[in-house]
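One structure below.
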Amino acid sequence: MKAIKAVKGTKDILPWEIPLWHQIETLCKELFASAGYQEIRTPVFEKTELFARGIGEFSDIVSKEMYTFQDMGGEWLTLRPEFTASVIRSYIQHHYYQRASLHKLWYFGPLFRQERPQAGRLRQFHQFGIELIGSEYPEADAEIITLACDFYKKIGLKDWELHINSIGNTKDRLNYIEVLKKSLTPYVDDLCPTCQDRFDKNILRLFDCKNELCQQILDTHAPKIIDYLSEKDKAHFEEVCEYLDLQNVPYQINSKLVRGLDYYTRTTFEIKSNHLGAQDALCGGGRYDNLVEELGGPSTPSIGFAAGVERLIMALEAEEKASVQLSPPDLYIAPIDNQAYKGIVKYCTHLRNQGFIIETDLLRRSVKAMMREANRKQARFVTVIGSEELNSGTLTLKHLETGQEYPVNWDNLGEFLEKTILPF
RNA sequence: GUGGAUGUAGCUCAGUUGGCAGAGCGCUUGGUUGUGGCCCAAGUGGUCGUGGGUUCAAGUCCCAUCAUUCACCCCA
């Protein structure tokens, strides 16, 4: 029989990897809650149209990367390729704006994109992120960016950079694109083939090119988008920077940072790790002041970010910060005969109910093997139980680290563990 | 969709000019009765990714195919 493997681009999160995932989820919960953000969970699939309208029909994600299918009623549905569209759909559908004028949300979950897998890119991957819906002011931008940075600081990641930029409102950006085209037209023939293609399709993508010659041409001949912003947007961006300075958040203004999703406006930012391969963006975000309205809601300025969990884990591993948190047993009980196996069960349950982590043998192994197992599991105490211990009412707990033995009455077991575990 | 790399034990990998399928780690058991780690010993474990071809003989050479992986594209 041929074994079945996980689908290309998908991965099991293995039992021994789970503690790190819990650590990340817990930090999300604590950090975002500390700023008043509430968790939101939306369905993993939505109507295809939501993403087409939200992300942009001609974006790569929508045009060739979505898992789209028809349900039995013939409706086109899509496994979500990103979170923001779903969150905004929920915001509009449930009229959040009638409850309050500002909403602060966070999320964590799986996303799906049908791309060729490589380092830092999977077909099912996970993101967490936050959305701040309803404020147009630079304080909002600063709060989002600061929270993102705080996350990486608190998780223990060291070697990363924050890049920020402003791509202005739609009108200014279209104007800039015209100027950019004009100033680069003389050099089109020197660009790499993909850039020549991009020149007509989506000229802003030129900035992402990894070809050195293309970058040189851009550096010397491309105007900066910041110089083409309206006075209002320029002032907004300067204020965002000012807020970051106030908190000593280090950043680089990167005029080449143009994000790939169509809905972004004004502030955009990205956090890059210095330890990842080609896919080095840990986290990306920005303003999307028009999205709520475009999806059928009231005009509502908003900003948010999304962060890749697998990439974070890769970066933590590269920096050797992926700490393994085990939950070792407080006590490993090793029964040596049939009676002992039967005699200990009620104590196991009782101690577990008291909150202790108790493990016992389930393979009827030798004492030596059970001791080895207790040691492997890093149990704090181990006890060998035979008829003597059951009849006399006294057992001996051995502290594995020191080898010290402690006689204890069965009735005082919980009390003993409680008292003794703390000092160790 | 395009290009490169790699497929040998559960894991990490050796395997020479074609000539008996290997190591380390892991796992199991034992080293005297009911006590772990270290050490020692034995055991467990492989259709050499798959299918063809060349050859007396293929893990090794040739062709095809699949899988994995990295990169392009794009994005978290």
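None of these values were measured; they are calculated from a predicted model. Throughout, a chain's letter reflects where its sequence line sits, starting with A, and its residues are numbered from 1.
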Check this one for me: any side-chain N or O of [X] less than 4.0 Å away from OP1 or OP2 of [N]?
X        : N     : answer
A/Ser366 : B/G34 : no
A/Arg121 : B/C70 : no
A/Arg198 : B/C73 : yes
A/Gln279 : B/C72 : yes
A/Arg376 : B/U28 : yes
A/Lys368 : B/U29 : no
A/Arg205 : B/C75 : yes
A/Lys210 : B/C72 : yes

Closest approach to the side chain of [X], judged atom by atom: which nucleotide of [options] is it?
X        : options             : result
A/Asp208 : B/C72, B/C75, B/U35 : B/C75
A/Ala278 : B/G34, B/C72, B/C70 : B/C72
A/Glu65  : B/C74, B/U29, B/G34 : B/C74
A/Arg116 : B/C74, B/U29, B/G3  : B/G3
A/Met371 : B/U35, B/A67, B/A71 : B/U35

Pair A/Arg376 + A/Glu373, salt bridge at N-O below 4.0 Å: yes
Check ion pair A/Glu359-A/Lys377 (N to O, under 4.0 angstrom): yes
Donor-acceptor list for residues 215-222 of chain A side chains, cut-off 3.5 Å, not counting sequence neighbours:
from, atom 1, to, atom 2, distance (Å)
A/Gln215, OE1, A/Lys256, NZ, 2.7
A/Gln215, NE2, A/Phe207, O, 3.2
A/Gln215, NE2, A/Cys209, O, 2.7
A/Asp219, OD1, A/Lys256, NZ, 2.6
A/Thr220, OG1, A/Gln216, O, 2.8
A/Thr220, OG1, A/Ile217, O, 3.4
A/His221, ND1, A/Tyr187, OH, 3.1

Using only modelled atom types and a 3.5 angstrom limit, is any donor from either the side chain of [X] or the base of [N] paired with an acceptor on the other?
X        : N     : value
A/Glu270 : B/C75 : no
A/Lys398 : B/G36 : yes
A/Asn375 : B/G36 : yes
A/Gln378 : B/G36 : no

Between A/Gly9 and A/Ala281, who's closer to the 5' end of RNA chain B by nearest nucleotide? A/Gly9
Both A/Glu405 and A/Glu82 contact RNA chain B. Which one's nearest nucleotide lies toward the 5' end?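 Checking each residue's closest nucleotide, the 5'-ward one belongs to A/Glu405.
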List RNA chain B stems (3 or more consecutive Watson-Crick/G-U pairs, under 3.5 Å)?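 RNA chain B stems, ordered by first number: B:1-7 with B:66-72, B:10-13 with B:22-25, B:26-31 with B:39-44, B:49-53 with B:61-65.
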Considering every strand and a 4.0 Å limit on heavy-atom distances, what is the contact class for A/Leu122: base, sugar-phosphate, or nothing? base
Would you measure the distance from the C1' atom in B/C62 across to the matching atom in B/G45 and give it in whole Å? 32 Å
Could you measure between the two C1' atoms, the one in B/C63 and the one in B/G26, and give it in whole Å?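 After rounding to an integer number of Å, I get 38 Å for this pair.
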Atom CZ of A/Phe69: over 12 foreign heavy atoms under 6.0 Å: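 Yes, CZ of A/Phe69 has more than 12 neighbouring heavy atoms, counting only those of other groups under 6.0 Å.
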Could you check whether the rings of A/His126 and A/Phe108 sit parallel, tilted or perpendicular, using 30° and 60° as the cut-offs?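 Rings of A/His126 and A/Phe108: tilted, as their planes differ by 30° to 60°.
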Return the orientation label for the A/Tyr406 and A/Phe416 ring planes: parallel under 30°, perpendicular over 60°, tilted otherwise.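 Taking A/Phe416 first and then A/Tyr406, their aromatic rings sit tilted (interplane angle of 30° to 60°).
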